[in-house]
Asks: 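Have a look at this one before I ask anything.
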Protein chains: 2
Amino acid sequence: MLRMARMPILLFLVAGALCVPAGAAEAGATILVHDQEEYSRATADLKPGDRVILANGEWRDFEMVFAGRGTSDDPISLTAETAGQVIITGQSNLRVSGSNIVVSGLVFKDGYSPTGEVISFRTSKTDLATDSRVTQVVIDRFNQPDRLQTDYWVALSGKRNRFDHSSLIGKTNAGVTLAVLLDEEGSRENGHRIDHNYFGPRPVLGSNGGETIRVGTSAYSMYDSKSVIENNVFDRCDGEVEIISIKSGANIVRGNLFLESRGSLTLRHGDGNLVDRNVFLGKGVEHTGGIRVINRNQTVRGNYLEGVAGDGFASALAIMNGVPNSPIHRYVQVQNALIENNTIVDSARMSLGTGADAERSAAPVGSKLRNNLFLFDGLGSRILIESSISGIAFSGNRIVAHPPLADMQGVTEQSVATTRANNGLLYAVDPALADVGAPRNLKLASIDDVGAPWYPKPKRASTFGGGSSIQVPLGENTLGEAIGRAKEGDRLLLAEGSYRVDRTLVVNKSISIEGASAARRSVIRFSRPSLFEMGVGGNLRLVQVEIDGSEAPDAVGNAVIRTSTKPMPAGFEIELDKVDVRGLSVNKAFDVITLGKGSLADRITIANSRFRDITGAVVAADAETDDLGRYNADYVTIRKSEFTNVGNAIVSLYRGGTDESTFGPHLLFEDNRVVRCGHAERRGEAATLALHGVQHALIERSVFEGSAPLRVVQTTGNPATLISGNTFKNTPRPILTESIAKGPVRVTMQQNTFDGSGP
Amino acid sequence: MLRMARMPILLFLVAGALCVPAGAAEAGATILVHDQEEYSRATADLKPGDRVILANGEWRDFEMVFAGRGTSDDPISLTAETAGQVIITGQSNLRVSGSNIVVSGLVFKDGYSPTGEVISFRTSKTDLATDSRVTQVVIDRFNQPDRLQTDYWVALSGKRNRFDHSSLIGKTNAGVTLAVLLDEEGSRENGHRIDHNYFGPRPVLGSNGGETIRVGTSAYSMYDSKSVIENNVFDRCDGEVEIISIKSGANIVRGNLFLESRGSLTLRHGDGNLVDRNVFLGKGVEHTGGIRVINRNQTVRGNYLEGVAGDGFASALAIMNGVPNSPIHRYVQVQNALIENNTIVDSARMSLGTGADAERSAAPVGSKLRNNLFLFDGLGSRILIESSISGIAFSGNRIVAHPPLADMQGVTEQSVATTRANNGLLYAVDPALADVGAPRNLKLASIDDVGAPWYPKPKRASTFGGGSSIQVPLGENTLGEAIGRAKEGDRLLLAEGSYRVDRTLVVNKSISIEGASAARRSVIRFSRPSLFEMGVGGNLRLVQVEIDGSEAPDAVGNAVIRTSTKPMPAGFEIELDKVDVRGLSVNKAFDVITLGKGSLADRITIANSRFRDITGAVVAADAETDDLGRYNADYVTIRKSEFTNVGNAIVSLYRGGTDESTFGPHLLFEDNRVVRCGHAERRGEAATLALHGVQHALIERSVFEGSAPLRVVQTTGNPATLISGNTFKNTPRPILTESIAKGPVRVTMQQNTFDGSGP
């Protein structure tokens, strides 16, 4: 491997040379190519030691095939004239096959792959790569324009390949970021190494298929993969409930750092995997998880988890229940697991028998849990036992700040003095406890040591603000012109008076539109079916404005704000604060916010606002009715607002499908007042709030008067729904149903008041 | 008006002159402008007699405002250097206000309006045009890219304006082609004249909002409009059930020709309208209609209708039942209608009391039907009496080839000798019948006399064929390359053997892909979630090919053929003949054809094909679940095909909403064999065929074995559903429901065989 490490230096030496004939001491030719035709000629018949160098600049619509047979002494290489200055754009990809190939220095951005992979270690179904390496490449937001179109950014096939020191940043479309494929026999027991990579932010996908790494699939999970995933950093990898999904045997996941990443490292299928010396720093971010154990002969050793806030599947440590005689795609019972020398600090949950239900009835057996250190904070965090734990032998564990657990022998609750070591992690001070918890010599992966060293890593930034404040004069289309000229983060300040808008305003940056004051009203009227369209890159905040829908066209399905009908990436936000909306009544189904098919809002936040005389919904987030596990809004929050005479449900939030891949959607509805709402039927039902498959819902301290019932349909996962402290006047009781699970409906109703009879 | 008729000649005389100063004899300046800046300067302060001339060429993203006060002697004009050679493209429109304005010679194409109108007779909500004229303009497929976005191509406001000799061709997006607006007081009793226009083909919209002309809206229908629509030609205006929708009083619709146009001239709201001397030539095309009468004091006189094939709302003549004390947006009872001297020839239906139901219970009163001539063909065509006709006085009518109608005094059934006159229309030979039927001097509008004379009118063309035959070599991606190179109408001929496709193939032209022969199999495998994507302008025919889904990715929601996720226009076709599809089973919900949200297929036709081991649907046309009256396929035809182990419904066809604006969707399912299909639940229900709101369904001579039930939900309109001559083995009986109407379910079941018990 030392030879590899010299490569970048070598590259700088040859840069600029058009064609350097092979010297006596070195095999192969070095060829600098400037266009795709030169590339084709240079790669037509590659010999050991050949070096193909892409000239600096932009290479557009470039489907690179790089195939040949090098030797371990004389590999064949493809690289950049200057690392990081060869930019692959448009509809491009890279396919590698043969042996002893090395690719480095390329940046993929401003485009997407026309096939199912950006980088593939095979050039056809049967032409695979072996002993090859892709190092120091970058794939930066190289997303399919339609976020529901799946692809892999990196697909590893063949044997003994390495993918390292690369940066994979901002995948927003469906499909695993890096997949190890086992579908061909020549790709099993592969010994691949995936190391020192920077896996950058991946936003919530809102469906299955958002894993950052997956090794195998259920269909081939009986095979050993023998892949090693080590010393990588996972930074805000939030795609779905599984960050790494191991679906094969005999893999090693070692020495990785998980930073504020929602989801967990999941041993989903396959046996005999080792999870060793990884560090999870959740920093209290919701749904950050740890390690989830399923199947046989798994070892989880020496890991450190702190501030991990998730529960259920995303517990710091979750040992699942299995399905007796499980089909290959379900849950094999945990057998012979060894969980030792892990430390869990200030995390919400350790869960044993996770997911136990009528189907998952097989508790763990033959397993050991020993010498672990559990430092709970006493604030709601705890060990949750969901099934029998008689099949788990406990020994030598220490637990702090937890109520007694009668069932768990070998788990001793006692105060343990701790201190932070030089590596920043907490350890017991007492030398007698040196063998309890994570090892003293655990080394954190550093964000500076991973990824392509010459490529910057993304910073954290807030959605709104950071721009200029711009006065918008009263009049017709002044607002549209101001939005057209505005820059990212600008605030558009309205005057007192009236604005007319005769076209739909496309929001493709973060914009805040703010009225004069509560007393001096800024009123917006519009004559198109929508006032705002959320486009690619758009976020919208409205503050203290009044919106009057009375001049909208007499047609069904208008909306004040709707999403683009073109595909759009996930992650946009809409915020309404102190907004008055009225007169959306010219025809049926006139919504305030309509989230269309394929869209996923990160956050819809409404506070201190008033809505009156609206024939549609306030938030219609129910376009994913094909039940593929998708949904349209991750967090919907509505607080301190008033709703009068809203025809459809104030919020309709739909998540269909039966997979358990998402943490969302979430609804918070509190301190609101609702009068005469929800009476217009939609799909044959009247509802004031219509929730289907919502994973987290809190409806509290609100007053519902003369309105249609709340409707909650629970589907999959482990939904948490609390309806608390509300007053229902002349409003029927909530209608609560389970669509799949048997038994009582999983909704908690408490301290609600019912007054009068429903209409 | 003579002066106007000279205008084009005048234009040719001034062409090429940059600036002709006003002579002594003529007021105003003539200014030739070359760009938008010159235009702005030239139009800043228009005076009577001013002429602004747009230089020949393309004007892109040009929002023209043309406002000024001319006089009847010295109008202000905007025109083209050469009529037809000024092309307005991109995001452009024209707004006119003031008085005595004349615009002519412009062509709008290759773009769309950024606002709600392409041509508007006002420049703001209060600045209207009077005594102004737009003549000899063309709007050709100037459609919003999202076909569900509404706009008007022409919006008439103000008073005494004229729109004439113009061509409006190929509107595919929602919204009325030409609307007369009455929302401002200054636009009522307007005396507008809409004449000598060519209204070219408008395809089925698949929802409300596809009218070609609308005068008023329900909200203002108590006002008189006094508009005149005369001497226009409507050629294949198929947008929805109303071609012309009169929603105001005292209008005249006179001397127009309706050619093969689906839908009818509808007196929807408002009283005292006159429908005089129009000619309807349906040529037997399905759903071609005539005149539909609602409201008070309507006169229908001297019209001629031949070959009109529609029934119900689209009957040659439909006199509707009303709603007692009707709200303004429902149906006012027919009172004091005069229907005289009309001729109906070889048409399917005349209907009295049309639409009678529990709500529409008020039969026509105080009305007269006299001196009409009804020449039926005796082949199923007939007069249908749906309610009491005691409020209609009949006198002097003649009826041929119809069974006796006891209720209708004054309607005499007798043989009448007829002959075609020079105008091509049929008349009774007997001079004693000279006063019966349409007038002898009725003059047909000619297609040559309408529209912009210098602009061609669209021809009829078949969807597939007309191109070259191209051999596609076996291999990987050879098919994709062939499609990329193919031209409109090409046939791609496959060899015997295997084709692999690693990307989704976008179909944006009419393409036919044809296998070698039944014996020499051409097999296509694909590795992306979809093999084909229907793009803008695409039509796809597959003949004698085999499609194997086994290499598709392991993800939910794959499809062999799906529509673009970008907005697409209506009217595409997919045809499968002798096609074998199998192995669509790698994950859930793998469809053969998925029609996505916002798409509308004109025709999906499957014949002589076989489908086996499919987890999804064969035709999923059920994305419009927001119940706005939209749907995804107008005609689905499946014949002589076999289905084995298809998980979801073979066809799922959904049309929600309660409006009665569409003739579709239609399903024909005959002579098929279905084994073990429909058992996978979708939205909680298992079905072999899932029909919701389908307007026409014929399911006949098919065998269903070990399959889930057929499910039919009837919603709105007057659905025709016949389930006939089928055999059900170990398959439950069809589940038939009405979602709105009370009473028995409107499905006819006959001669079906039930054998064994359902699973």
Side-chain angles (χ1 to χ4, degrees), chain A residues 91 113-117 124-125 145-146 148-152 174-175 183 207-209 217-219 476 480 500 502-504 527-530 551 553-557 564-567 586 588-589 594 596-598 620 622-623 625-630 656-659 681-684 739-740, chain B residues 91 113-117 124-125 145-146 148-152 174-175 183 207-209 217-219 476 480 500 502-504 527-530 551 553-557 564-567 586 588-589 594 596-598 620 622-623 625-630 656-659 681-684 739-740:
Chain A
Q91 295 195 36
S113 173
T115 63
E117 306 86 21
S124 77
K125 202 158 166 59
D146 174 6
L148 299 177
Q149 276 292 298
T150 69
D151 65 4
Y152 304 141
D183 55 336
S207 75
N208 196 354
T217 55
S218 59
E476 297 208 6
R500 275 212 165 81
D502 73 356
R503 61 202 68 203
T504 297
S527 56
R528 295 293 288 141
S530 297
E551 295 181 7
D554 182 1
V556 295
S564 174
T565 50
K566 300 187 193 94
V586 65
K588 285 188 284 193
T594 304
K597 183 106 176 108
D622 55 3
T625 49
D626 40 11
D627 287 355
L628 300 180
R630 299 168 185 158
T658 56
D659 65 286
E681 290 193 356
R682 188 169 157 87
R683 295 170 199 164
S739 70
I740 301 166
Chain B
Q91 295 195 35
S113 173
T115 63
E117 305 87 21
S124 79
K125 204 160 164 55
D146 175 5
L148 299 177
Q149 278 291 300
T150 68
D151 65 3
Y152 303 141
D183 54 337
S207 76
N208 196 353
T217 57
S218 59
E476 298 208 4
R500 275 214 164 79
D502 73 355
R503 61 202 67 204
T504 297
S527 57
R528 294 293 287 145
S530 296
E551 294 180 8
D554 183 359
V556 295
S564 174
T565 51
K566 299 188 194 94
V586 66
K588 286 187 284 194
T594 305
K597 182 108 175 106
D622 56 2
T625 50
D626 40 11
D627 286 355
L628 300 181
R630 298 167 185 157
T658 56
D659 66 285
E681 290 192 357
R682 186 168 160 86
R683 297 171 197 164
S739 70
I740 300 165

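Throughout, protein chains are lettered first and strands after them, A, B, ... in sequence-line order, and every chain is numbered starting at 1. What you see is a predicted model; the values in this text were computed from it and never measured.
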Asks: Quick check for you: among B:Val556, B:Thr150, B:Asp554, B:Thr594, which has the greatest number of heavy-atom pairs under 4.5 Å with chain A?
Replies: B:Thr150

Asks: Is chain B contacted by the side chain of A:Pro114, its backbone, both, or neither, given a heavy-atom distance below 4.5 Å?
Replies: both

Asks: Can you tell me how far the CG atom of B:Asp626 sits from the CG atom of A:Asp622, to the nearest 0.5 Å?
Replies: 8.0 Å

Asks: Could you measure the distance from the CD atom of B:Glu476 to the NZ atom of A:Lys125? Nearest 0.5 Å is fine.
Replies: 10.0 Å

Asks: Checking heavy atoms, do the side chain of A:Asp151, its backbone, both or neither come under 4.5 Å from chain B?
Replies: both

Asks: Is B:Ser527 close to chain A through its backbone or its side chain, or both, or neither, when contacts mean heavy atoms under 4.5 Å?
Replies: neither

Asks: Go through the atoms of A:Thr565 and report whether side chain, backbone, both or neither lie under 4.5 Å from a heavy atom of chain B.
Replies: both

Asks: Rounded to the nearest 0.5 Å, what's the gap from CG on A:Asp659 to NZ on B:Lys588? Could you check?
Replies: 6.5 Å

Asks: Using heavy-atom distances under 4.5 Å, tell me whether B:Thr115 contacts chain A through its side chain, its backbone, both, or neither.
Replies: both

Asks: Minimum heavy-atom separation for B:Pro567 to A:Lys566, with atom names?
Replies: CD-CG, 3.9 Å

Asks: Just give me the residue among B:Thr625, B:Thr217, B:Asp146 that pairs up with chain A most often, heavy atom to heavy atom, under 4.5 Å.
Replies: B:Thr625

Asks: For A:Asp502, is it the side chain, the backbone, both or neither that has a heavy atom under 4.5 Å from a heavy atom of chain B?
Replies: both

Asks: Search all heavy atoms of A:Thr504 against all heavy atoms of B:Gln149 and return the closest pair with its distance.
Replies: OG1-OE1, 4.4 Å

Asks: Looking only at heavy atoms and a cut-off of under 4.5 Å, which of B:Arg503, B:Arg500, B:Lys597, B:Arg528 has the most pairs with chain A?
Replies: B:Arg528

Asks: Please look at B:Glu551 and chain A and tell me whether the side chain, the backbone, both or neither of the residue comes under 4.5 angstrom of a heavy atom of that chain.
Replies: side chain

